[in-house]
Protein chains: 2
Amino acid sequence: MSEPTPSSTVQHDDLEDSPDDELVRSGRDAALTRRALVRAARRRFATEGYRATTVREIAADAGVNVALINRYFTSKEGLFAACMIRTSDELDIRTPDRPSDLDGVIDRLVAHVVLAPDSDDPLQLLLLLRSSGDENADLIRRNTLEHFTRKLAAAAGWNADDPGTAPVLLRAQLAIATSLGVVMLRTSAAVQPVASADIDELTDALRDIFRALLTPRPTK
Amino acid sequence: MSEPTPSSTVQHDDLEDSPDDELVRSGRDAALTRRALVRAARRRFATEGYRATTVREIAADAGVNVALINRYFTSKEGLFAACMIRTSDELDIRTPDRPSDLDGVIDRLVAHVVLAPDSDDPLQLLLLLRSSGDENADLIRRNTLEHFTRKLAAAAGWNADDPGTAPVLLRAQLAIATSLGVVMLRTSAAVQPVASADIDELTDALRDIFRALLTPRPTK
DNA sequence: GCGCCAAGTAAACGAATGTTGACATAGGGC
DNA sequence: GCCCTATGTCAACATTCGTTTACTTGGCGC
């Protein structure tokens, strides 16, 4: 009888060709290890969900020993919280300051949606993540999504003080919902044809929808 | 040392007040048990995801012994397939035979999306379910989604033999993606305003989008 | 009323999960 | 150069997962 492979952790000598480690791990560097873990965790949490992701998978992706997750983040939940906090920050940065530039906002949103499946864009985690079983994480996600909705709606002419513009807020959120759905179909299920659609074609189609949704229209 | 509670299965004597069992379980009825399991599984799979759902939870929800899942459905995956198959059937039924009735199709889709959060509508499972970590389960979902996409696209004038209508297929899938996103925002995260939007208002907005997406438009 | 088979139960299994503690080692301060 | 601490490794843990096996129980045909 042959000996079973004793462990599922991969050694750092067979990282395959994954360029996940933006820098070559030369020596011992706690900060680098933490970043690698967060990056790997973001991808896994986004594509597999919180509970379906195992810490051993994350550690393997990051080319790091499993126990370091608990060393640096106390627990799996702590690692998840670390991913979420940074996500919230980055979304604020990407929000435009000039509400008039609706086309620019749309282009940026479309770019995020189209490119999300291949990146570890924090937006992807925000969009994909479902109920995690962690109340605080869910709250952060809801607040961030609502914040982003208001920003997008403002670019489309929504005014919090003008109840007449309320429909714009709803339409902005439908645009976000569409983004969420597209990202899910492309990353989570690889459903055709959207999963392998031509980038330009998909971009055009999305831009059409978002413009139709968000372009100021006085009529009902 | 106190004895640990030996099992997480609940007896059928403390079903709480859940009306999940549409009929009182008087005697032994295999068909009833199977239906109860499928119903409970649909809700759990839809709200928690495949891998995050445990067979013991499902059995407890259905007020049934865990082993019966394996007896009637061979495995957790078999139970999932049973949920999906019925979903596929219902979607087929709801698909019109007359492709010209686009408005009717749209109305039905919108109704499903709007009502999904409060029901155990099979469509909800289809829309909410994410990457399950189980290859066969993912394949079932992908095939069902693609099948439904083609049905919807056909109602909007898509013809598999006419490459010129390919964009319609993509747009139909964007409509599905939007549905998926809306259902997720409403059920999974309760994001405002879409979560508490007026039903009629939401219905109108969705109908507008889907018509704009799917109404035959000869121009590029 | 009785036996027989379907329906349901209980307990255990191996594998996988998150976590922990003891140990090994690199690398900079002195 | 030596040691001391931060960093990383290894093996084990308790628990939970899906599944299986042996068993009990209920209801229908005769």
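This one's a predicted model, so the numbers in the text were calculated from it and none came from an experiment.
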**Request:** Taking only the side-chain nitrogens and oxygens of B/N70, find out if one of them lies under 4.0 Å from OP1 or OP2 of D/dT19.
**Result:** yes
**Request:** Measure from CZ on A/R56 to P on C/dT20 and round the result to the nearest Å.
**Result:** 13 Å
**Item:** Between C/dC5 (P) and B/R71 (CZ): distance, integer Å
**Value:** 14 Å
**Fill in**
Atom CD of B/E57 and atom P of D/dT19 are separated, to the nearest Å, by 15 Å
**Whole-Å gap separating P (C/dG18) and CG (A/L37)** = 14 Å
**Prompt:** Does B/T33 put a side-chain nitrogen or oxygen below 4.0 Å from OP1 or OP2 of C/dG8?
**Reply:** yes
**Message:** Determine whether a donor-acceptor pair (N or O, by modelled atom type, separation under 3.5 Å) exists between the side chain of A/K76 and the backbone of A/Y50.
**Reply:** yes
**Message:** Main chain of B/N70, side chain of B/T74: is a donor-acceptor contact present, judged purely on distance under 3.5 Å?
**Reply:** no
**Request:** By nearest nucleotide on DNA chain C, pick out whichever of A/K76 and B/A30 is the more 5' one.
**Result:** B/A30
**Residue A/T54, side-chain atoms from C-beta onward, closest of C/dT9, D/dG18, C/dT17** = C/dT17
**Message:** Under 4.0 Å between a side-chain nitrogen and a carboxylate oxygen: does that hold for A/R43 and A/D61?
**Reply:** no
**Request:** Please check if any side-chain donor atom of B/Q173 sits under 3.5 Å from a side-chain acceptor atom of B/T149, or the reverse.
**Result:** yes
**Prompt:** Is any N or O donor-acceptor pair between the side chain of A/R28 and the base of C/dT25 shorter than 3.5 Å?
**Reply:** yes
**Request:** Could you state the atom-to-atom distance from CZ of A/R51 to P of D/dT16 in whole Å?
**Result:** 11 Å
**Asked** Which nucleotide in the set D/dT19, D/dT20, D/dG8 lies at the smallest distance from any side-chain heavy atom of B/A67?
**Response** D/dT20
**Prompt:** Starting at CD1 of B/I58 and ending at P of D/dC17, how long is that distance when rounded to a whole Å?
**Reply:** 11 Å
**Asked** So do A/R35 and A/V38 actually touch side chain to side chain, heavy atoms under 4.5 Å?
**Response** no
**Prompt:** Expressed in angstrom and rounded to an integer, what is the separation of B/D29 atom CG from D/dC28 atom P?
**Reply:** 10 Å
**Message:** Heavy atoms from C-beta onward define the side chain here; which of C/dG8, D/dT19, C/dT19 lies closest to that of B/L68?
**Reply:** C/dG8
**Request:** Select one nucleotide: of C/dG18, C/dA26, D/dT19, the one nearest the side-chain heavy atoms of B/V55.
**Result:** D/dT19
**Message:** Counting only side-chain heavy atoms from C-beta out, which of D/dT7, C/dA7, C/dT19 sits nearest to A/Y72?
**Reply:** D/dT7
**Message:** Taking any heavy-atom pair under 4.0 Å as a contact, classify A/F73: base, sugar-phosphate, or nothing.
**Reply:** nothing
**Prompt:** How many Å lie between CD1 on B/I69 and P on C/dT9, as a whole number?
**Reply:** 13 Å
